[in-house]
4 protein chains.
Amino acid sequence: MTVSAAVPSPPPVDADRRAIPYDRDDRSNYSAEMIEQRRRFVRECTGVELHHVASYSFDPAVVRGNVENFAGVAQVPIGFAGPLRVNGEHARGEFLIPLATTEGTLVASYNRGMKVLNLSGGVTCTVSADCMQRAPVFVFDSAREARAFRDWAEAHASEIRAQAEATSHVAKLLYIDPYLSNKFAYLRFNFATGDAAGQNMVGRATLAACLWIVEHAPGVRRFYLESNLATDKKASHVNVMRTRGKRVTAEAVIPRALLLEHLRVEPETLQYHAGVANVGAFLSGANNNGLHSPNAITAMFIATGQDVANVSEGSAAIIYTEITPAGDLYLSITIPSLIVATHGGGTGLATQRECLEVLGCWGKGKVNKLAEIVAGVVLAGELSLAAAISSLEWVSAHERYGRHR
Amino acid sequence: MTVSAAVPSPPPVDADRRAIPYDRDDRSNYSAEMIEQRRRFVRECTGVELHHVASYSFDPAVVRGNVENFAGVAQVPIGFAGPLRVNGEHARGEFLIPLATTEGTLVASYNRGMKVLNLSGGVTCTVSADCMQRAPVFVFDSAREARAFRDWAEAHASEIRAQAEATSHVAKLLYIDPYLSNKFAYLRFNFATGDAAGQNMVGRATLAACLWIVEHAPGVRRFYLESNLATDKKASHVNVMRTRGKRVTAEAVIPRALLLEHLRVEPETLQYHAGVANVGAFLSGANNNGLHSPNAITAMFIATGQDVANVSEGSAAIIYTEITPAGDLYLSITIPSLIVATHGGGTGLATQRECLEVLGCWGKGKVNKLAEIVAGVVLAGELSLAAAISSLEWVSAHERYGRHR
Amino acid sequence: MTVSAAVPSPPPVDADRRAIPYDRDDRSNYSAEMIEQRRRFVRECTGVELHHVASYSFDPAVVRGNVENFAGVAQVPIGFAGPLRVNGEHARGEFLIPLATTEGTLVASYNRGMKVLNLSGGVTCTVSADCMQRAPVFVFDSAREARAFRDWAEAHASEIRAQAEATSHVAKLLYIDPYLSNKFAYLRFNFATGDAAGQNMVGRATLAACLWIVEHAPGVRRFYLESNLATDKKASHVNVMRTRGKRVTAEAVIPRALLLEHLRVEPETLQYHAGVANVGAFLSGANNNGLHSPNAITAMFIATGQDVANVSEGSAAIIYTEITPAGDLYLSITIPSLIVATHGGGTGLATQRECLEVLGCWGKGKVNKLAEIVAGVVLAGELSLAAAISSLEWVSAHERYGRHR
Amino acid sequence: MTVSAAVPSPPPVDADRRAIPYDRDDRSNYSAEMIEQRRRFVRECTGVELHHVASYSFDPAVVRGNVENFAGVAQVPIGFAGPLRVNGEHARGEFLIPLATTEGTLVASYNRGMKVLNLSGGVTCTVSADCMQRAPVFVFDSAREARAFRDWAEAHASEIRAQAEATSHVAKLLYIDPYLSNKFAYLRFNFATGDAAGQNMVGRATLAACLWIVEHAPGVRRFYLESNLATDKKASHVNVMRTRGKRVTAEAVIPRALLLEHLRVEPETLQYHAGVANVGAFLSGANNNGLHSPNAITAMFIATGQDVANVSEGSAAIIYTEITPAGDLYLSITIPSLIVATHGGGTGLATQRECLEVLGCWGKGKVNKLAEIVAGVVLAGELSLAAAISSLEWVSAHERYGRHR
């Protein structure tokens, strides 16, 4: 048996294969000429003229640090929903919501939910935890030495913190969760990262700590900076339990009369559907017993320059409903790992910054405000879609708005 | 105890609250004047001038069906990586890869992985399943009647299929998976949907089938068109096991000499890290024992007009490595629920279509080609990041490219 | 770095280490003399006289096929609960329930629940699926060949069935679920196994099928009879979704007045607790959103000679409650992977058979009856413990009955 | 629609239904006469004479506190395996292992694995965490108050600890993990419980703490002592991550020559199977990527008087293998939630105590010793079954020993 048969015999490699134009002096890589060279390269390779991709309104120098081999932009349509009244601790008032999406009916559906939330007095949003992780793993000769290492790391927490925090003015090491299995010790470092999402900052901080650890701790045989316990860019239970990014809850009490008038549904029907869908989520092993929170999260992430791949983590949610003694609907959702930033990453780019400004979330100290708004929008969408499913409007709404496809 | 105290007493609702400009005649909603009115409304509400958001290169009429309350675009920078040699059944040859992202180093990292894959003869990609779901739930008086309903549905499969397929020329009902719990019967409808992602199409088809079912099946007490067994816009185990969208695998054998020369890492080191990270994923309850497949998926989804919220489903992956008898590295990844389209949704928009054309994926019969290319890109990223972690280059690469933040 | 340091240097191995007395002629292994020799061996090694372990009431020859190196018995106390009125399809009437346990209050708590269920008219039980699995894995050179194999296996289903069913008069191959990942094809064989739990029977049948497959299918590189997709002796999502053993539901409507009178709790309180505990189960990633179904399952498994390690699979459950329009409590639980037998395994042993006879479950065609009764008992326990938690009686009941510890 | 139709119209309840004989004076309940009355009651109800169940060798008074409505015993056959050399910190030396089981070949298979482990120098076992939980939930008006409560609880940790620890001389509150979702605050209390499994003790301690909390903390609307975050008697991810009972690892390096000679398998074959089975576990969503650890755990739990329903938690395991530079097999397994006791529960009963004495685990300070031994036995079984699967001996061994069924 030979594994190498797994790949059909490779074609002869073209030693002269041309590469995407690139300059060793990174500043040149964002010059108009170089960018045009790249589009020419694309045309020569594929015959496709990047007419629309080439149309952008900003100086390409701003995307240095955000993208390599820059050649243009994706233009993702933005629709506005709202305003939405948010009763947060950071976000207080009414907010217009930019949603970058290509899914017909999405904006209309969120808009409908917001209207009902507004009439109910708005949505109450609360950030209850905030931390960003990097989780290195240390390999030992045996479980006993891994255990000794865990104890050593706890005893040396202050030195480890000092090493980590020396790398940044922002990152603060909150605590380290150790996880032991076999002969491995995983340390899940939890940091506060200010207005940044912080993955890079905590990577640097954790690496610095680890280099010190590797030098000082007895018995380490191998070390890797990442080990799937963070967990970055994937859905995981550790994120649901222990938070990654912001843990944020949105809540509202929607009066029965409003549900009947505006959504043509009784609270009990929504409550019943939530119960059935919860059993469905249990059966399917879903990381979300609600309906479609990632729709709002994704559309706002694209609009505001977030790292959209973090929708993986952000896809988790826990919905809970009850009928109040007055017969109204209490509706709430907790998003346990919402990774947002108002500084760094793509937040400073041209359209992204404008959208953050529309939300009043541009600048320092705004990240929890953004988290609250996102959660509020999510709740509007849960309400709207739940009502649509319950009243069988759902598909027909798709029909009405999305009929050209 | 009263639940209504959950929300601080609401501020008086402004009956005259102005709404986002909108016309009952939907065609007017995409006129230049109406769009400008919306931006004016944003400015009046927030003081923000949407200068960049207002800059787009297409006729707004094209986004009708994709977004409501359209006011402009998010400009997401695109960098190109590649070309990548893909040895698929549908994608054969070299492909330039548009990646829409704001995460520095991402394009460079994928590019590095592609180079090594190319030198290894390319990446072999295989689509092994293809289906899209809608999962209604039917409520009965008891488990016994739910069971009888399951049997009834199996006995009436052809009528159900006829009803479902009458709604579309494209959607074909492949099979129905029934799941029973308590007094509920969940039917997970699985459709082939051609080049479309198909969520809307299967929603319509399933609704038609359900209306017929509700009329003919004995004992149904309630019915909801969705129940969290599909599962749409969330990570779930049912998707990992039973596929949602495309189930696609990318594989390559990377010669030891190439790993050493280009990535400065031995196959055994990558293999060791994969083992440790796999235990980490087990501990963390992650839906992915690899490294960062959603990075490629997200960047390609934005570039090519996919429904980006489906990164939720797409975040799952199963990586597997082994050392071949010759001492090379066999590296593979299976993405069990990759939802892609080359028709419908955002695929026809201006920049999105150009990017699909660059990939040779615009037009009929191209969706599996796109799935193969995405998987190949994912594998390039796994290789590159794994090598970076193993050689401790990783953070320093972030430092080098992402240092302006 | 050397891994071998993982184990402290081993002590010199005693070449003359004595082994547990054992005879090559297996019939001798259950003779009184050989058994006594073993107990003597235990005494010589440890100084412990097995006085009680040596006390059993049956001819040791009967445990041949059940245990090797037999030396005596564990005496596990049995308490009776009930009678419980079961309105099943197979179990109809009142049943006295033998519970083998050492956990104080358990029998009393179940007894209390049964009383209330009886007064409510009994518990309705329904078996909705029945299958036992073995899941071999086949390794190929690549994903493409694994996919071809899946299609080949579907095309050769009748030959595969013939091979499998030739090994037994009982086992019937119901269907094969294929799961593909990387270059592996997992086939989850699903069998009907009559009154036996059937793990051995399906192991033999699947092996026969696999030997035929390996001989005839193209491209198989490796084959293993088990692969963690069955999944035997572990909790898993595939078992929750696709059943292992019996999928059985117990339901009852408990009148409000009975709850108040006998359990001092309102239906709404139980309903509320179920909602909160459901969110707890979601957070904790539990395979059971109920309270303690494994208590009944374990105690009945020990009493009736089941393979008690199957409590692993049996630990999963889905509870669902609602308040009826009349204000009563609808309470139901589905156990998706309850592995029971009334033939084979330990069912024919002395005390085990008596307990099966008490349940009217000894002999042919009784296995679904047993499954129904177990589910009914489980529901009684959920009701009783839920009420105790809700009324804060719970710990005090432990105090009252379990105070000697 | 009425839910009450879920239950077929109940038969008239027999007001004179006889109950299992029981006395209000609990001491009488364990008298020979009362026990005999119960068996007579069983005979009258069912016609079954409990001949074997009635055969036990101890004074029934000892089971007071362990079982109500006592009527006899289940006699579960015990076979001995071993001796097994354990290189633990608490268990050092060779141990004869009592396994109470009815599954043919189980004892023989474990025995085979032990022999190879012994020849390899024994199995190294390490307990790396030890805690028992109770997880009450507190309900608030909103998420914000739940968050305030979490902070309040952290600020009042010492008062809470004092209240909890006042209930027992043994239970020590180690730490409290708070989990927030929606408007709920779950507090997962972690205790050290000495030689007891401790579920009752921590229930009492947590209740005392909670009564104090409810009295002093602001805003609590409801409180339940249990909430599915402990998690008791179920498999869960929180237990895998955060430990329940003992977290224990067993490791060994098995020389290649021994594998070949005694198990007829190469290390690489076992390693390969572990990799394939690991992907299988990922696909199936299993809580265990090994083979059958619950077999050993269950058999030892029954023999030694553990709470066997805790096999639910104990079913989780993480296996990891590698080939050492010398070409030997490093094999290890971590059981993250093994709940054992050497005091309390069923440990003091007649046969159970004898089995603990055989293990040298009767009396104070022996619980970690027991945990180490159980883990070592588990590893022996993993090795033996893995070799059997790899060499295709597995089913034939079932055939050989279990052929009478």
Side-chain angles (χ1 to χ4, degrees), chain B residues 1-8 139-146 182-184 219-223 235-243 247 249 268 271-290 316-323 325 330 332-334 336, chain D residues 1-8 139-146 182-184 219-223 235-243 247 249 268 271-290 316-323 325 330 332-334 336:
Chain B
M1 169 200 155
T2 59
V3 175
S4 57
V7 181
V139 180
F140 296 87
D141 282 346
S142 74
R144 216 166 285 171
E145 283 142 334
N182 309 93
K183 58 181 183 175
F184 311 126
V220 180
R221 295 301 183 193
R222 293 178 186 232
F223 147 74
S236 76
H237 212 80
V238 76
N239 289 346
V240 169
M241 281 206 282
R242 312 285 294 172
T243 304
R247 189 178 199 88
T249 297
E268 289 78 10
Q271 169 84 343
Y272 202 95
H273 179 255
V276 181
N278 177 71
V279 171
F282 190 93
L283 284 174
S284 67
N287 70 341
N288 188 329
N289 67 345
I318 308 155
I319 207 163
Y320 175 79
T321 62
E322 63 186 51
I323 308 293
Y330 168 79
S332 70
I333 196 164
T334 292
Chain D
M1 171 199 152
T2 59
V3 175
S4 56
V7 181
V139 180
F140 297 87
D141 281 347
S142 75
R144 216 166 285 170
E145 282 141 334
N182 309 93
K183 58 181 184 176
F184 311 126
V220 181
R221 295 302 183 193
R222 293 177 186 233
F223 147 75
S236 76
H237 212 80
V238 76
N239 289 346
V240 169
M241 281 206 283
R242 311 288 290 173
T243 305
R247 189 178 199 87
T249 298
E268 288 78 8
Q271 169 84 344
Y272 202 96
H273 180 254
V276 181
N278 177 71
V279 170
F282 191 92
L283 284 175
S284 67
N287 71 339
N288 187 328
N289 68 346
I318 307 155
I319 206 162
Y320 176 78
T321 63
E322 64 186 51
I323 308 293
Y330 168 79
S332 68
I333 196 163
T334 293

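As a basis for the values below, the full set of heavy atoms in this structure was taken, side chains included, without hydrogen atoms, waters or symmetry mates. Proteins come first, then strands; the chains are lettered A, B, ... in the order of their sequence lines, and each starts at number 1.
- Chain B forms the most heavy-atom pairs under 4.5 Å with one residue out of D:I318, D:N287, D:V240, and that residue is D:I318.
- Distance check, rounded to the nearest 0.5 Å: CD of D:Q271 to CD of B:E322 gives 10.5 Å.
- B:F282 and D:N288 make their closest contact through CZ-N, 3.5 Å (heavy atoms, listed as atom of the first residue, atom of the second, distance).
- In this view, D:N239 and D:R188, D:T231, D:S236 satisfy the side chain to side chain donor-acceptor pair (under 3.5 Å) rule, not counting sequence neighbours.
- Using a 4.5 Å cut-off between heavy atoms, D:A286 touches chain B through its backbone atoms (N, CA, C, O) alone.
- Only the backbone of B:S284 comes within less than 4.5 Å of a heavy atom in chain D; its side chain stays farther off.
- Taking all atoms of both residues into account, the shortest heavy-atom contact from B:L283 to D:H237 is O-NE2, 2.7 Å.
- By the side chain to side chain donor-acceptor pair (under 3.5 Å) test, B:N289 pairs with B:N278, sequence neighbours left out.
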